[in-house]
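When reading the values below, keep in mind they use all heavy atoms of this one structure, side chains included, and skip hydrogens, waters and symmetry mates. So that the names make sense, note that chain A is the first sequence line, chain B the second, and so on, each numbered from 1.
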There are 2 protein chains.
Amino acid sequence: MNEPQTRDAELTRGRILEAALDLFVDKGFADVSMREIAERCGVTKSLIHHHFGSKDALWEAVKEHAFAMYALDQKTELEQATNADAKLLRDGVVKYFEYLRDNPKVVRLLAWSHLEGDESCGEMDAELVRLGSERVRQTQEAGIFRNDVNPTHVVCTFVHVCTHWFEARSHHAQWPGIGSDDEFRDDFLKIFMRGLARTDSD
Amino acid sequence: MNEPQTRDAELTRGRILEAALDLFVDKGFADVSMREIAERCGVTKSLIHHHFGSKDALWEAVKEHAFAMYALDQKTELEQATNADAKLLRDGVVKYFEYLRDNPKVVRLLAWSHLEGDESCGEMDAELVRLGSERVRQTQEAGIFRNDVNPTHVVCTFVHVCTHWFEARSHHAQWPGIGSDDEFRDDFLKIFMRGLARTDSD
DNA sequence: GCCCTTATTGACCGGTCGGCCAGTTAATTG
DNA sequence: CAATTAACTGGCCGACCGGTCAATAAGGGC
């Protein structure tokens, strides 16, 4: 509070975004007040209005910022992939699973956005899914994966499993016989990879 | 509004619960006001307090009521199952998928509860998961399913896929190449059932 | 018919909400 | 070194929040 107060608009915007992200992720948009955000990052409520205009605009800015980083991370991950084979998909699932595990804020932000019916983040994912399902299609054409399933649905399946595993973590933590993150991921991969493999009957 | 106003406490409680459910499902707990609920079901705000005590208590009552019906539906579905084989699990997945499709309010209510960190509904599901994974274990012992995966994780997998498919529906509606509910369900089942099947190498 | 319980109402409370605005103060520029 | 710009503050506004309370009225038991 009593720091030299160097005036840096970009830094201040960043601090506001960070505080807002933490609170929105934790409690959702409606349950967070501008006063809380202001207090958390040591700034006046008026200043947030000065930089972002309104609470809604701040919410949009928070989501845009977080999802842009998410999309960037995922896209670089996808693009450095080389040949399309089973190992590629397996590694992709592991990477995605670990990304969500290490970025719980993204998971929750996506969940809040889903409930709000926000469609903008869906557009962002569309490009990633397109890239991913294209890899699956190539692996199908190479005769490694069965080709009687929609490649987009293949991507959907593991995305849903990974996402909801972390979304509902507190929910199923007490389920009897449930294992750790890694144990579940490995069991899912066993089922998923064998389920995708091509057999003689295909 | 100007109806004869027959005084029926139980009916009034029911109407309040229904209006509150609709609004909470739509906008979440924090973004719904007691005034809105009162207006929607044509009673005074004070009357809601009279019957339920507080907004928090109403929220708990809404969840308790909705989840009790959900648990009842699922349990009767599970208990009428007979012999444990692959078809039983397949039918179980189809039933669960269709249940969520036909009860979108339950899906959203569960999602809000997850984000709030509500643990009470997890306890409810624990019993259902225990029943389901027991069936899977039996099918493993019968030599039909592979036995190198945790039965609870098998149940988790399809629950996550079904739940998140409907939770994120608005999100992935615009994904390229995505199919209908039924098409996705069938593709998932292809992968899931083959992934679980026992092979010679097991 | 009377009485007691309780479902139901409307007015009201202190508090918090998002947003606004008139100032103040620190950097930039010419 | 002024002058301009923009970051930043504090106080205020009307609206709305959840909750309370005294008054009213309908119904059921005697």
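Atoms CG (B:L47) and P (D:dG18) sit 16 Å apart, rounded to a whole Å. The distance from atom CG of B:D31 to atom C1' of D:dC16 is 13 Å, rounded to the nearest whole Å. Rounded to whole Å, atom P of C:dC20 lies 14 Å from atom CD1 of A:I48. Atom P of nucleotide D:dG18 and atom CG of B:D56 are separated by 10 Å, given to the nearest angstrom. In this entry the distance linking CD1 of A:I37 with C1' of C:dG19 reads 14 Å, nearest Å. One atom, NE2 of A:H50, and another, C1' of D:dT5, lie 10 Å apart when rounded to the nearest Å. At whole-Å resolution of the value, CD in A:E10 and P in D:dA6 are 14 Å apart.
Not counting sequence neighbours, the partners of B:L78 by the side chain to side chain contact (heavy atoms under 4.5 Å, CB included) test are B:L128, B:L131. Residues forming a side chain to side chain contact (heavy atoms under 4.5 Å, CB included) with B:R108 (at least two apart in sequence, or on another chain): A:L115, B:V25, B:W112.
Counting only heavy atoms from C-beta on, B:V43 has its side chain closest to C:dT9 among D:dC12, C:dT9, C:dA7. Distance from the side chain of B:K45 is smallest to D:dT20 among C:dG10, C:dG19, D:dT20. Of all nucleotides listed (D:dA6, C:dA7, D:dG18), D:dA6 comes nearest to the side chain of A:R7. Nearest nucleotide to the side chain of A:H49, out of C:dG18, C:dT8, D:dA7: C:dG18. Distance from the side chain of A:H51 is smallest to D:dC8 among D:dC8, C:dA11, D:dG18. The side chain of A:S46 lies closest to D:dG11 when the candidates are C:dG18, D:dG11, D:dA7.
Residue-to-nucleotide proximity on DNA chain C shows that, of B:T12 and A:R35, the 5′-proximal contact is made by B:T12.
Backbone-only engagement by B:S33 is indicated by non-hydrogen atom pairs under 4.0 Å involving sugar-phosphate atoms exclusively.
Remark: the A:S120 side chain and the A:D118 side chain contain an N/O donor-acceptor pair separated by less than 3.5 Å.
Ring-plane geometry between A:F166 and A:F97 is classed as tilted, the angle between the planes lying from 30 to 60 degrees on a 0 to 90 degree scale.
The two residues B:A20 and B:V62 come nearest to each other via the heavy atoms CB-CG2, 3.7 Å.
Side-chain N/O atoms of A:S54 and base N/O atoms of C:dG19 include no donor-acceptor pair closer than 3.5 Å.
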